[in-house]
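Whatever order the structure lists them in is the order used to number ligands and atoms, beginning at 1.
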Amino acid sequence: MTIGQDAQSLTPNGRSRTPYPKVRRMRFRFGQPEPMQHRFVQDDIPLTHLIAVLSGAFPPGEESFIRSVRKFSDEITDPVLKKRVAGFIGQEAVHGQQHRVLNDMLIDNGFPIVRIFTFDRDALRERGLVALENAVPRQVHLAVTAAAEHYTATLAKRVLGTQEIQDIPGDPEVLNLLNWHAFEELEHKSVAFDVFRDRGGAEVVRIGVMAGMYVFTIPVVSLGVLASILSDPSSWRPFKVVRQTIRLYRGPIVKGLLKEMRPYLRPGFHPDDIDTTALLEAWRQELFGAHGELVDRIG
Ligand SMILES: [Fe+2]
Ligand SMILES: [Fe+2]
């Protein structure tokens with residue numbers, strides 16, 4: 001898709017523009033008809049590993065997001081918010097399911113780090129994560145979800161709204177998955193936030209949690225990418241890795257990301273203050289319109 005003028009703009013009172021998140025039971029066809037290449041982002045070691053690490057982390061992360069919202073869902077009385085929560089939970093569940101399909105292939109294709117994230121519901125790590133979530137007040141757990149959702153929405157807006165990112169050559173089905181995931185992240189970007197607010201979440205908690213995640217997320221993800229590169233002998237090309245990592249940090253995916261996130265730290269901020277309506281509409285047509293690219297992936 002060719003992207004025209006950037007649809008992003010800050011608007012003062014943009015409430016209720018976000019439609020109900022629609023649950024689409026997607027079935028991607030990774031490795032068909034051509035087998036997936038190990039380096040599925042062409043000739044880019046750190047970006048390939050960044051996507052692998054994020055894909056690995058999404059399923060357990062999204063299950064944690066769902067659990068955080070469910071801790072409050074019985075208390076929501078607003079029928080509109082109830083319906084949005086149902087859409088949010090359904091979308092995140094399908095995201096996790098489809099990323100697991102990709103993750104199985106990534107493990108087979110030489111990304112052992114992805115295995116760390118693929119554990120069954122009863123596994124020790126799963127129980128450890130749930131225990132950690134339950135060790136903090138449920139309001140804090142939900143604030144983590146709201147902050148993480150703002151990270152994903154900010155990245156999603158970049159992915160869908162930047163032609164340079166769309167032009168990155170890579171495995172077409174992985175790119176389809178990422179575009180669909182980014183699209184639905186924008187569709188439900190304010191649901192967890194609105195549950196937090198509806199259930200009386202405190203601004204100081206919301207902002208405090210984001211302040212921590214603001215500082216630590218990029219370094220933690222970077223360490224994950226480094227670990228992934230070290231676990232893959234075919235990526236042991238230090239000069240190339242350093243050169244491409246500098247390019248990645250200076251490129252349209254990462255550069256300016258923290259600055260773009262900063263409005264969330266402002267008291268009174270709402271995710272719908274950032275208008276992504278036109279971007280969503282353009283991509284709705286592109287992916288799921290009458291001749292949408294992904295209509296035939298809906299199962
Ligand atoms: Fe998601
Ligand atoms: Fe999400």
State, to 0.1 Å, how close Ile274 and Lys189 come at their nearest heavy-atom pair, and which atoms those are. O-NZ, 2.6 Å
Less than 4.0 Å between a side-chain N and a carboxylate O, is that true for Glu164 and Arg250? no
For the Fe ion (ligand 1), find the closest N/O/S atom on His95 and give its atom name. ND1
The N/O/S atom of Glu62 lying closest to the Fe ion (ligand 1) is OE2
Distance-minimising heavy-atom pair for Val225 and Pro46: CG1-O, 3.9 Å
Could you tell me whether any N, O or S atom belonging to Glu92 is less than 2.8 Å from the Fe ion (ligand 1)? yes
Taking atom CD as the centre, does Gln37 end up with more than 12 heavy-atom neighbours from other residues, nucleotides or ligands that are less than 6.0 angstrom away? no
With the Fe ion (ligand 2) as the apex, the OE2/OE1 angle for Glu185 and Glu149 - to 10°: 140°
